[in-house]
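Convention: sequence-line order gives letters A, B, ...; per-chain numbering from 1.
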Number of protein chains: 2
Amino acid sequence: MVTIKDIARDTGLSPATVARALGGNGPTRPETRQRVHEAADRLGYVVSSAARSMRNQSSDMVGLIVPDIVNRFYSEMARAIAAACDARGLHFLLAVTDDDPDRELRQMRAMVAARAAAVALVPGPHSHRSMIALAERQPFVQLVRRSEWLRSEWFGFEEESGLETATTHLLSLGHRHILLACSGDRYSTGAARQRGYTDALKKHGLSVDDALIRAGEPTVAHGRAAIADIPPHVTAIITAGTLLTEGAVDVLTDRGVSIPGDLSIVGFGIEKWLQWWRGGMTRIIPPVDVLAETCAEHLLSRIGTEAAGYSSGTGVIGHPTVFEIGQTTAPAAT
Amino acid sequence: MVTIKDIARDTGLSPATVARALGGNGPTRPETRQRVHEAADRLGYVVSSAARSMRNQSSDMVGLIVPDIVNRFYSEMARAIAAACDARGLHFLLAVTDDDPDRELRQMRAMVAARAAAVALVPGPHSHRSMIALAERQPFVQLVRRSEWLRSEWFGFEEESGLETATTHLLSLGHRHILLACSGDRYSTGAARQRGYTDALKKHGLSVDDALIRAGEPTVAHGRAAIADIPPHVTAIITAGTLLTEGAVDVLTDRGVSIPGDLSIVGFGIEKWLQWWRGGMTRIIPPVDVLAETCAEHLLSRIGTEAAGYSSGTGVIGHPTVFEIGQTTAPAAT
DNA sequence: GTGAAAGCGCTAACAT
DNA sequence: ATGTTAGCGCTTTCAC
């Protein structure tokens, strides 16, 4: 391994001077700098970020912990944070939890072990209590979902109003029995979306039929399962999640259900295909790119400030979702 | 920052004993280990991976450098590598290049600076020459695309035969003027896909019309541009890339082109919606999940072996693609 | 403008 | 089974 010492030996300078020449910190004659850089290139020198962060007591890594990097929701976050990091000379530590609390904890420990400059987390269900102490050790934000224990800023969406709008749309079309596929209340998003749905029903003076709330994991599999049996009086469904929408569409396509003739459907997501499916799906669109940008900026701006800079009441930013009416919802048959 | 020294002071032991108790390496009395762990938990100790990698002359980081993490092609790779890392107690450094050679080089330097245990790269166009030396410093593989300069193992797809199959399919349906949207030959995949297309034409004794090969960047924008003007005698198109397919579908939907009545189309990709679009798109499917798995296993298995373990002729693994015939291709009008 | 020296936190070698 | 010591590569005083 080529070190600063090797360059010092090669150029006949001291390690200190070499470091200054390379880092551009202290004073160095331009000629010296030249000579040092030439030697560094020739010998193939690359700094050791381990040594540097040891000395500096901080690294240039920013961490992101997500349930699933294939999900576009989260890969957009990764893209935005990676871009923001690159612009600032920071680097990017990605961790995937698969919504497993143990894995989540391991990854959070790894972030602390790496002395990450900042960490963003999409918390899974039942986060371990020891996450709290780990989160306090650097600037930290929660994304999309919010754990009740973790005191931190949060960047997410106004899930309730999104679902309320969607539900109201169906009610105004005359639908009275609306099936909701969503994630369970162990996920803050699942809970919020259920609230939005039930609130809309209550505002219209309707009672909530618990059998029509199909809560489960936010997966394609649950999307399928949630509509495996649709009671005959149901005339509309809402799939309140990207993967749930995908699973439901898969089943509906297989069955050859006529949309919106037999059934109205409101989907959820940002994927382009939603606007191509059956002439364009009526859907809830979380503006993920905006959120990702906002959050990346904020998180990185907090680097260097005190870690636990969170004062309760601040920094809870719910971004509104967009509701787009397409061809998959129509008045209920009378 | 709580260090081993603090635990040593707290327990009245020496730093070395504490390290042994925590790491489980050297011999320690169970009772001592107990005491040390209790103190570590109480004080909130988390090991410094910087210090550890400095001492060990190696880190527990595995790097992946991709053009675009939102592209499912690459997020699948990330998922597979992240999972494989987690299973082995390694961690995951992700870098995004946006197909910018400068950014690619910066990210590769960062990997070397972090003394990554292994690195996988999806090379962009015109990789810098200095990538060569950086690649040699740890186990290294190329993914999907292949740079001619970089000597390393490669995991990708049999792009040529995939395109040849697709083109032959259209030829056998009687199409004689087939437009190809693809990436330029600065991308190894673009070049290979073009070869597959022209080979098929030549085998059928047809000449290649260069005006029908629309090469550009692998982006949605180019997918749109490539079919902005379709010459009247063209009866079929192939969009040889995921984002190109997306862009083309967007335009075709806007224009209300009848598929396959007016035009046959062969797409490319793994996304679920391809099988929903117009009753299922005829398409080339690269089995990305298999490739990702294979590559992750291989890369991690090489950790600890000599870095430049590449002998020419070895390790060029092109995985076959799948060709699925859907509802978007039909016999050419006569 | 340059050099000498110290120390970041950890662990392995060696001594007890 | 535990303690002592040294050093990984870098940067930052502090001298000169």
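Closest contact between the side chain of A/Ser14 and the listed nucleotides C/dC10, C/dG9, C/dA4 involves C/dA4. In this structure, the nucleotide among C/dC10, D/dG9, C/dT2 sitting nearest to the side chain of A/Arg55 is D/dG9. For A/Leu13, whose side chain is taken as the heavy atoms from C-beta onward, the closest listed nucleotide among C/dG3, C/dG9, D/dA1 is C/dG3. The side chain of A/Arg20 approaches C/dT2 more closely than any other nucleotide in the set D/dT2, D/dT11, C/dT2. Here D/dG9 is the nucleotide among D/dG3, D/dG9, C/dC8 with the atom lying nearest to any side-chain atom of B/Met54. Distances were taken from every side-chain heavy atom of B/Thr17 (C-beta onward) to each of D/dG3, C/dC10, D/dT11; the shortest belongs to D/dG3. Nearest nucleotide to the side chain of A/Thr3, out of C/dA12, D/dT2, D/dG9: D/dG9. Distance from the side chain of A/Arg29 is smallest to C/dT2 among D/dG3, C/dG9, C/dT2. For B/Ile4, the listed nucleotide lying nearest its side chain is C/dT11; candidates were C/dT11, D/dT11, D/dG9.
Considering only side-chain N and O atoms, A/Ser48 lies nowhere under 4.0 angstrom from the phosphate OP1 or OP2 of D/dC8. Residue B/Gln57 places at least one side-chain N or O closer than 4.0 Å to OP1 or OP2 of D/dG9. OP1 or OP2 of C/dA12 has at least one side-chain nitrogen or oxygen of B/Asn25 nearer than 4.0 Å.
Rounded to an integer number of Å, the gap from B/Met1 CE to C/dC10 C1' is 14 Å. Summarising the geometry, the separation between CG on A/Leu22 and P on D/dT11 is reported as 8 Å, rounded to the nearest angstrom. As rounded to whole Å, 14 Å separates atom C1' of C/dT2 from atom CZ of A/Arg33. The distance from atom CD of A/Gln34 to atom C1' of C/dT2 is 18 Å, rounded to the nearest whole Å. Rounded to whole angstrom, the span from the CG atom of A/Asp60 across to the C1' atom of D/dC10 amounts to 14 Å. Rounded to a whole Å, the CG atom of B/Asn56 is 12 Å from the P atom of D/dG9. Atom CD1 of A/Ile7 is separated from atom P of D/dG9 by 12 Å (rounded to the nearest Å).
Toward the 5′ end of DNA chain D lies the nearest nucleotide of B/Ala51, the other residue of the pair A/Arg52 and B/Ala51 mapping further downstream. Toward the 5' end of DNA chain C, the nearer of the two residues A/Pro27 and A/Ala16, judged by each one's closest nucleotide, is A/Pro27. Map A/Tyr45 and B/Val18 each onto its nearest nucleotide of DNA chain D; the residue landing nearer the 5' end is B/Val18.
When every heavy atom of B/Ile132 is checked against every heavy atom of B/Trp149, the shortest pair comes out as CD1-CB, 4.0 Å. In terms of heavy atoms, A/Ala117 sits closest to A/Ser59 at CB-O, 3.7 Å.
In this model, no side-chain donor or acceptor of A/Arg115 finds a partner on the base of C/dG9 within 3.5 Å.
For B/Gln142 and B/Ser147, the side-chain atoms include no donor-acceptor pair closer than 3.5 Å. B/His128 and B/Asp102 are linked by a side-chain donor-acceptor pair at a separation below 3.5 angstrom, with hydrogens and angles left out of the test.
Going from atom CG of B/Leu93 over to atom CE of B/Met61 covers 5.0 Å, rounded to the nearest 0.5 Å.
Within 4.0 Å of B/Ser53, counting heavy atoms only, lies no atom of the nucleic acid at all.
Residues A/Pro67 and A/Arg145 meet the side-chain proximity criterion, which asks for heavy atoms closer than 4.5 Å.
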